[in-house]
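Read through the structure below, which is laid out as structure tokens, and then see the notes.
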Amino acid sequence: MNPERPDDRTILTSSDPEFISELSEYLDVLASPVRLQILSFIGRKPRTVRQISHEIATSYENTKKHLAKLLSLGIIRKEIGVSDEPVNMGQPVFYYTLVPDGLSHAAHNLTLFSLVAGTSAPDLSKQVLAAQSSLHTILPAGPGLVIMNGSEQGRMIELTEPVYRVGRIEEGWNGISPEQALLLNDEYRSVSRVSRPHAWVKKQAGFWTIADGNSKGGTYVNGKPIAHEPVVLQDGDRIELSPGTLGVTFTFHSGDTNPDHTP
């Protein structure tokens, strides 16, 4: 405490209604799957509001509201740049990007908040744990896939084996195969059963690839259908198995801690 500034001190307590209210709002921002999807999307490259709106499939105005909340936490920032889109090529636009180490600072804050909340505010503690779990999904330590829709939205699947068969879990399958299985629950009914996998994810020559496995619904990378030939995955690629409400969407993360952030 500074003796010349007797008020230069803040005591955080979970019994302070104002603090609880502000912390709850902070946690609410991080708990939103949509806002986590935005953070994941702009983490590999700065994006405009229109680009983000298209990626998360929501309106332009709603996207701006989500971005305003993230800006209020200091996790992202807004910068002027030059458009690379055909419609506005060369025109000045605003780009949104992650603040360097912004997610790490947010994770550190959540650790502090968990200590403050303690056992005296169980509801707040639950919010902190939920936010910590959600934030972890976009802080992968290594290569992995994050499910972006349905009941398993936010689930992070780390890729630790060289080959995976990807498909929906099926009753009676004994799981015996030379490859690891990446299993989805039965809600994703348009995805093929794992015994005849919808897709294959493999590490080849140091790169992660995906190939379709003769599925009915198809496999798409960034909106483009792929066939049996493996397609090399890049950080942030969007993968869809049977696009639609009964399919599944993943975001691929390479685990690279130094992505290219040049617009």
Side-chain angles (χ1 to χ4, degrees), residues 26 28-109 134-135 137-149 153-154 156 206-210 219-226 231-240 243 249-263:
Y26 186 101
D28 180 64
V29 173
L30 291 178
S32 165
V34 174
R35 289 190 278 275
L36 287 172
Q37 188 178 4
I38 291 173
L39 290 175
S40 177
F41 181 52
I42 68 176
R44 65 188 178 99
K45 187 177 180 181
R47 302 295 192 198
T48 65
V49 177
R50 199 169 303 282
Q51 289 170 333
I52 297 168
S53 173
H54 175 74
E55 176 68 18
I56 66 174
T58 191
S59 71
Y60 184 89
E61 290 303 320
N62 279 339
T63 301
K64 288 182 68 176
K65 291 177 182 178
H66 286 303
L67 289 168
K69 287 185 176 291
L70 291 170
L71 283 167
S72 72
L73 298 192
I75 295 177
I76 67 172
R77 63 188 179 193
K78 184 178 179 182
E79 300 174 330
I80 195 73
V82 178
S83 176
D84 57 0
E85 296 177 291
V87 176
N88 301 312
M89 184 67 70
Q91 297 298 312
V93 292
F94 283 112
Y95 281 96
Y96 292 82
T97 186
L98 282 176
V99 170
D101 296 323
L103 294 180
S104 298
H105 287 310
H108 177 68
N109 287 342
S134 297
L135 195 59
T137 65
I138 54 174
L139 286 168
L145 300 170
V146 176
I147 298 177
M148 304 305 296
N149 69 315
Q153 184 177 45
M156 174 70 191
F207 296 94
W208 283 97
T209 67
I210 188 168
T219 300
Y220 295 73
V221 176
N222 297 326
K224 297 180 180 179
I226 65 171
V231 172
V232 175
L233 293 171
Q234 304 290 333
D235 191 61
D237 277 352
R238 184 184 181 93
I239 301 164
E240 295 172 282
T249 300
F250 301 97
T251 298
F252 173 73
H253 291 273
S254 66
D256 183 3
T257 57
N258 295 296
D260 180 8
H261 279 221
T262 303

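All values below come from the heavy atoms of this structure, side chains included, with hydrogens, waters and symmetry mates left out.
Taking 4.5 Å as the limit, some side-chain heavy atom of Tyr96 sits within range of a side-chain heavy atom of Leu71. The shortest distance between side-chain heavy atoms of Val49 and Tyr60 falls below 4.5 Å. Inter-residue side-chain proximity for Leu98 and Ile75 is flagged as met; some heavy-atom pair is nearer than 4.5 Å. Counting only heavy atoms from C-beta outward, the side chains of Thr48 and Tyr95 approach each other to under 4.5 Å.
Listed by chain and residue number, Glu85, Asn88, Val93 satisfy the side-chain contact (heavy atoms from CB on, under 4.5 Å) test with Ser83 (two or more places apart in sequence, or in another chain).
Of all non-hydrogen atoms in Tyr220 and Pro225, the two that sit nearest each other are CD2-N, 3.4 Å. The heavy-atom pair separating Ile80 from Pro92 by the smallest distance is CD1-CB, 4.3 Å. Residues Gln234 and Phe252 approach most closely at O-CD2, 3.3 Å, considering heavy atoms. The two residues Arg47 and Gln51 have their closest heavy-atom pair at CA-OE1, 3.3 Å.
At least one donor-acceptor pair under 3.5 Å links the side chain of Ser72 to the backbone N or O of Lys69. In this structure, Ser53 contributes its side chain and Thr58 its backbone to a donor-acceptor pair below 3.5 Å. The main-chain N or O of Ser59 is never found under 3.5 Å from a side-chain atom of Asn62 such that the two would form a donor-acceptor pair.
A salt bridge links Asp28 with Arg35; the closest basic N to acidic carboxylate O contact falls under 4.0 Å.
Between the CD1 atom of Ile239 and the CD1 atom of Ile210 there is a distance of 4.0 Å, given to the nearest 0.5 Å. The distance from atom CG of Leu233 to atom CZ of Phe250, rounded to the nearest 0.5 Å, is 11.0 Å. Taken to the nearest 0.5 Å, the CG atom of Asp237 stands 10.5 Å off from the NZ atom of Lys224. Remark: Leu39 CG to Ser32 OG distance equals 9.5 Å, nearest 0.5 Å. For the atom pair Arg50 CZ and Lys64 NZ, the distance stands at 10.0 Å (nearest 0.5 Å). Distance check: Thr249 OG1 to Gln37 CD gives 8.5 Å after rounding to the nearest 0.5 Å.
Ile42 pairs in a side-chain contact (heavy atoms from CB on, under 4.5 Å) with only one of the listed residues (Thr97, Leu70, Ile52), which is Ile52.
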task: Test side-chain contact (heavy atoms from CB on, under 4.5 Å) on Leu30 and Leu73 and set out the steps.
output: CA-CA 9 Å; Leu30 291 178; Leu73 298 192; 4.0 Å; yes
